[in-house]
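What follows is a set of notes on a single structure, which appears directly below.
The basis for the numbers below is simple: all heavy atoms, side chains too, and nothing from hydrogens, waters or symmetry mates. All residue numbers refer to positions in the sequence shown, counting from 1.
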Amino acid sequence: MTRSPAVLALLLAASCAAPVPAALMDAPQDGKLRIIVFGAHPDDCEWTCGGTAARWAALGHHVKFVACTNGDIGHWGMAGGPLAKRRAAEVQKCAAILGTTSQVLDNHDGELMVTMDNRRAICRLIRDWKADVVISHRPNDYHPDHRYVGVLVMDAAYMVTVPYFCPDTPHLEKNPVFLYSEDEFRRPNPFSADIAVAIDEVIEKKLAAMDALESQFYEGGCNGGPHLVPDPKDPAAVAARKMQVRQEFVGYFSEPATRFRAELERAYGKELGGKIRFAEAFEVCEYGRKPSAEEVRRLFPFLPVK
């Protein structure tokens with residue numbers, strides 16, 4: 001990215017002068033939405049909102065997936081650098097399938113903590129992407145890395161607009177809409193589906209992304225074992241294992257459409273909403289901008305216009 005000498009001078013003086021407003025930076029001028037999604041591991045973003053991301057990308061909008069740890073203990077038979085590199089390569093394959101951008105942060109799997117350095121890192125990523133929408137896990141979840149991603153992203157909400165917080169990265173003049181991705185945890189409070197998106201037309205892309213995450217699903221991740229992995233010299237057994245994984249995901253990804261049928265019918269109408277097989281859902285976080293129904297349809301342009 002090329003910047004003018006005036007802008008570069010402003011950046012170099014950030015520690016002693018007023019922070020550079022985002023409007024002075026080279027912002028995209030294509031009129032497209034910019035969405036950034038934070039997950040704990042290199043597979044979480046693809047799992048939680050790969051379908052919606054594919055729908056945004058198909059319309060030319062810009063979606064970035066950020067894995068906040070490198071996933072280096074997420075396998076039963078390998079760990080460390082080799083696994084981290086393998087998982088980074090897997091999500092790059094997913095990005096090519098979904099039409100997204102992918103980044104993996106170099107934090108150890110299982111060791112993510114809520115620190116000021118991590119809050120600053122999340123804040124800078126949101127600002128650099130000039131996000132209209134930010135999506136993350138909720139802060140109540142089974143995995144500590146998931147919970148702390150939720151806390152870190154929520155702690156960055158509002159702070160992304162504060163000029164003298166991380167003044168080296170131009171602040172956003174308008175707070176993004178912050179959303180939680182769907183989960184089934186009920187304490188201390190259950191997920192509430194404020195937005196439900198049909199993903200039937202991109203389900204094959206989402207399933208293909210899951211297939212690309214071989215270390216996690218074909219091989220079973222950290223809770224798998226060699227019993228799951230057939231001899232590669234037995235193509236029938238390999239095909240059977242791949243079909244087993246696919247059918248499991250067909251079941252997983254159809255559950256939200258059943259759980260949030262009422263929300264889908266409100267968004268798509270009773271007839272169409274009743275036929276949707278696959279969906280993803282999101283809850284509006286009260287810490288970001290509160291979108292009106294009209295803005296929700298602008299931010300999710302594949303929702304029907306009423």
Side-chain angles (χ1 to χ4, degrees), residues 33-54 56 61-71 91 94-95 98 100-105 107 109-161 165-166 169 172 175-185 188-197 209 256 280-291 296 299-300:
L33 297 169
R34 301 186 65 81
I35 301 97
I36 189 166
V37 185
F38 293 93
H41 309 104
D43 69 347
D44 286 321
C45 298
E46 293 78 9
W47 176 295
T48 58
C49 56
T52 306
W56 270 313
H61 302 296
H62 308 290
V63 185
K64 181 173 186 175
F65 284 175
V66 178
C68 293
T69 75
N70 60 18
V91 293
C94 293
L98 300 172
T100 58
T101 297
S102 180
Q103 181 176 354
V104 178
L105 304 185
N107 297 309
D109 188 351
E111 299 182 16
L112 187 69
M113 297 298 292
V114 178
T115 66
M116 188 56 69
D117 283 346
N118 284 336
R119 184 191 299 177
R120 291 189 181 108
I122 297 295
C123 182
R124 290 184 178 109
L125 284 163
I126 295 170
R127 289 176 174 180
D128 283 341
W129 196 247
K130 299 177 177 63
D132 299 296
V133 177
V134 181
I135 303 173
S136 77
H137 302 290
R138 290 197 303 154
N140 46 307
D141 198 294
Y142 82 103
H143 196 298
D145 289 342
H146 290 207
R147 291 196 297 272
Y148 297 151
V149 167
V151 172
L152 286 165
V153 174
M154 295 311 101
D155 285 351
Y158 176 70
M159 298 305 293
V160 297
T161 68
F165 183 73
C166 299
T169 307
L172 301 182
N175 207 15
V177 172
F178 284 76
L179 303 174
Y180 297 123
S181 54
E182 180 258 335
D183 61 61
E184 298 183 9
F185 302 103
N189 55 291
F191 174 85
S192 176
D194 295 313
I195 302 164
V197 177
E280 292 171 349
F282 306 93
E283 178 179 343
V284 177
C285 170
E286 60 187 345
Y287 303 151
R289 192 168 77 253
K290 314 302 188 300
V296 166
L299 296 174
F300 291 81

Between CZ of R289 and CG of L172, what distance do you get to the nearest 0.5 Å? 10.0 Å

Looking at R119 and D155, is any side-chain nitrogen of the basic one under 4.0 Å from a carboxylate oxygen of the acidic one? yes

Nearest heavy-atom approach of F300 to T52 is CE2-CG2, 4.0 Å

Are the side chain of D44 and the backbone of A40 linked by a donor-acceptor contact shorter than 3.5 Å? yes

Nearest 0.5 Å please: distance from the CG atom of L125 over to the SG atom of C68. 8.0 Å

To the nearest 0.5 Å, atom CE of M159 lies from atom OG1 of T161 at 8.0 Å

Distance from C123 atom SG to L152 atom CG, nearest 0.5 Å? 11.5 Å

What is the ring orientation for H146 with Y142, classed by angle as parallel under 30°, tilted 30 to 60°, or perpendicular over 60°? perpendicular

List for me each residue that meets salt bridge (charged side-chain N to carboxylate O under 4.0 Å, His left out) alongside D183, sequence neighbours excluded, and say none if there are none. R138

Would you give the length of the straight line joining atom CD1 of I36 to atom CZ of F65, rounded to the nearest 0.5 angstrom? 11.0 Å

Under 3.5 Å, side chain of W56 to main-chain N/O of L299, donor-acceptor pair present? yes

For a quick test of reading the model, state the closest non-hydrogen atom pair linking L105 to Q103 and the distance between them. CD2-NE2, 3.6 Å

Applying salt bridge (charged side-chain N to carboxylate O under 4.0 Å, His left out), can you list everything that pairs with D132, at least two apart in sequence or on another chain? none

Taking all heavy atoms of P139 and all of Y180, pick out the closest pair and write down the distance. CD-CE2, 3.7 Å

Quick one: does any side-chain atom of N140 pair with a main-chain N or O of N189 as donor and acceptor, under 3.5 Å? yes

Side chains of S192 and E283: do they bring a donor and an acceptor to under 3.5 Å? no

Partners meeting salt bridge (charged side-chain N to carboxylate O under 4.0 Å, His left out) with D145 (sequence neighbours left out): none

Between the main-chain N or O of T169 and the side-chain N or O of R124, is there a donor-acceptor pair closer than 3.5 Å? no

Side chain to side chain contact (heavy atoms under 4.5 Å, CB included) assessment of V160 paired with N175: CA-CA 7 Å; V160 297; N175 207 15; 3.4 Å; yes

On a heavy-atom basis, the closest approach of T69 and P42 is O-CD, 3.5 Å

State whether the number of non-hydrogen atoms from other residues, nucleotides or ligands found under 6.0 Å of Y158 atom OH is greater than 12. no

Could you go step by step and tell me if V153 and F178 meet the side chain to side chain contact (heavy atoms under 4.5 Å, CB included) rule? CA-CA 9 Å; V153 174; F178 284 76; 3.9 Å; yes

Centroid-centroid under 6.0 Å between H41 and H143 rings: yes

Compare every heavy atom of V133 with every heavy atom of L179, then report the nearest pair and how far apart it is. CD1-CG1, 3.8 Å

Hey, is the main chain of M113 close enough, under 3.5 Å, to the side chain of N118 for a donor-acceptor pair? yes

Heavy atoms only: give me the nearest S136-G150 pair and the separation to one decimal. OG-CA, 4.1 Å

Given 3.5 Å as the limit, does a donor-acceptor pair link the side chain of K64 with the main chain of H62, or not? no

Return the CD1 to CD distance between I135 and E280, rounded to the nearest 0.5 Å. 9.0 Å

Residues V149, L112; criterion side chain to side chain contact (heavy atoms under 4.5 Å, CB included); working and verdict: CA-CA 8 Å; V149 167; L112 187 69; 3.5 Å; yes

Between E46 (side chain) and C94 (backbone), is there a donor-acceptor pair under 3.5 Å? no

